[in-house]
Amino acid sequence: MSRGLSRWFAGLALVACQREPEVMKETKADPFAVVAAIDTRASSYKDPLPPTTSPPPGMNPRTPRPAINATEVHLSGRTRVEAVDRLFFRVPVEWVAAPSEPPDARPGFVLPGPGGEAHLDITRFATAGVEPRAYVRQWRSQFMTEAGAPLADEQVRVQEMVRGPLEVTLADMAGTYAAPVGPDAKERYNDPSYRMMAAIVEYRGETYLFTAVGPALTMAIWEHAFADFAASFAPQFPW
């Protein structure tokens with residue numbers, strides 16, 4: 001064996017002795033960090049029974065609702081007069097009168113838009129006693145951030161105003177809509193990028209709730225129109 005070849009074998013043996021087998025290496029990575037770094041949003045592997053992840057607190061794995069009748073809307077600026085009981089108001093002519101779904105079947109309007117239809121529901125309470133901020137807190141609990149956290153104070157806008165005998169409270173909030181799917185239902189919606197604009201009207205011991213909820217893209221085009229709508233409330237005075 002030549003001297004050069006002997007040196008090559010000797011070097012190879014030295015490297016082999018210095019190299020630690022892979023199975024003997026100690027793994028010091030934080031297992032929680034490793035799991036958190038796994039991107040489960042997309043994968044080319046189609047597992048017939050893919051694993052599920054736990055939703056954030058207060059959420060559920062319900063599939064977000066698809067947009068309904070997404071359409072471009074050209075605002076005309078024209079309005080018409082509508083009424084609920086003894087309360088009158090003006091709405092854009094583009095808002096279509098439509099009750100909510102059973103079993104409530106409350107009066108309301110469909111608000112068209114590029115993000116899909118939004119819906120404005122109207123609820124009347126014949127007795128007073130509930131402070132308007134309590135309604136705002138209830139609505140706030142129906143929204144969360146993208147991370148699943150409750151909305152912060154600065155993420156909910158509240159405005160109070162007086163129009164003659166009427167006391168009006170406006171609320172505006174956005175996030176992932178997670179209200180119960182029905183009365184006393186445990187299942188909740190899971191609709192990201194939703195927005196609510198609401199008006200609470202108090203008049204002579206009666207309370208009217210006007211809650212418009214829908215895709216934020218649609219709600220955005222009606223932001224100024226909703227403010228005009230809330231400023232148009234007027235009671236029917238007895239003769």
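Predicted model only: the values in this text are computed from it and were never measured. FYI, side chains are in, hydrogens and waters are out, and symmetry mates aren't considered; it's all heavy atoms of this structure.
- The shortest non-hydrogen separation linking A118 to T218 is CB-CG2, 4.2 Å.
- The two residues A216 and R195 make their nearest non-hydrogen contact at CA-CB, 4.1 Å.
- Here the CD atom belonging to Q155 is positioned 12.5 Å from the CE atom belonging to M144, to the nearest 0.5 angstrom.
- Y189 is connected to L151 through a chain of hydrophobic side-chain contacts under 4.5 Å among Ile, Leu, Val, Met, Phe, Trp and Tyr, so both are in one cluster.
- At least one donor-acceptor pair under 3.5 Å links the side chain of R188 to the backbone N or O of A178.
- Cluster membership check: V213 shares its hydrophobic cluster with V158, using side-chain heavy-atom separations under 4.5 Å among Ile, Leu, Val, Met, Phe, Trp and Tyr.
- Residues E160 and R133 form a side-chain contact, since some pair of their non-hydrogen atoms from C-beta on lies under 4.5 Å apart.
- Side chains of S232 and R90: no donor on one and acceptor on the other come within 3.5 Å.
- Taking all atoms of both residues into account, the shortest heavy-atom contact from L170 to V168 is CD2-CG1, 3.8 Å.
- How far OG1 of T169 is from CD of E202: 6.0 Å, rounded to the nearest 0.5 Å.
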* **Steps toward side chain to side chain contact (heavy atoms under 4.5 Å, CB included) verdict (V73, W222)** => CA-CA 10 Å; V73 178; W222 297 115; 3.9 Å; yes

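- Between P150 and T145, the closest heavy-atom pair is O-CG2, 4.0 Å.
- Between I200 and W139 there is a side-chain heavy-atom pair separated by less than 4.5 Å.
- Ring pair F233/Y203: centre-to-centre distance not below 6.0 Å.
- Inter-residue side-chain proximity for V130 and T207 is flagged as unmet; no heavy-atom pair is nearer than 4.5 Å.
- Expressed to the nearest 0.5 Å, how far CZ of R204 lies from CZ of R86 amounts to 6.5 Å.
- Annotation for E117 and P215: closest pair O-CD, 3.5 Å, computed over non-hydrogen atoms.
- In this structure a side-chain-to-backbone donor-acceptor pair under 3.5 Å is missing from R163 to A234.
- By the criterion of side-chain heavy atoms lying less than 4.5 angstrom apart, applied directly or through intervening Ile, Leu, Val, Met, Phe, Trp or Tyr residues, L75 is grouped together with M219 in one hydrophobic cluster.
- Here CD of E206 is found 4.0 Å from CZ of R124. Values are rounded to the nearest 0.5 Å.
- Within 6.0 Å of CZ in R80 there are more than 12 heavy atoms belonging to other residues, nucleotides or ligands.
- Residues P114 and I221 form a side-chain contact, since some pair of their non-hydrogen atoms from C-beta on lies under 4.5 Å apart.
- D191 places a side-chain N or O within 3.5 Å of a backbone atom of R65 that can act as its donor or acceptor partner.
- Here the side chains of S76 and E94 are in contact, with some heavy-atom distance below 4.5 Å.
- Linking Ile, Leu, Val, Met, Phe, Trp and Tyr whenever their side-chain heavy atoms come within less than 4.5 Å leaves I68 and L120 in two separate clusters.
- Between P235 and L166 the shortest heavy-atom distance is CD-CD1, 3.9 Å.
- Ring to ring, F143 and Y194 are not that close: their centroids are 6.0 angstrom or more apart.
- Proximity of L209 to F125: side-chain heavy atoms (C-beta onward) are separated by under 4.5 Å at one or more points.
- Put simply, the side chain of T176 reaches to within 4.5 Å of the side chain of N190, judged on heavy atoms.
- When the options F226, Y135, F229, W95 are evaluated for a ring pair (Phe, Tyr, Trp, His ring centres under 6.0 Å) with F210, the one that passes is F229.
- In this structure, I122 is not a member of the same hydrophobic cluster as F88, with clusters built from ILVMFWY side-chain heavy atoms closer than 4.5 Å.
- Counting only heavy atoms from C-beta outward, the side chains of D172 and Q159 never approach each other to under 4.5 Å.
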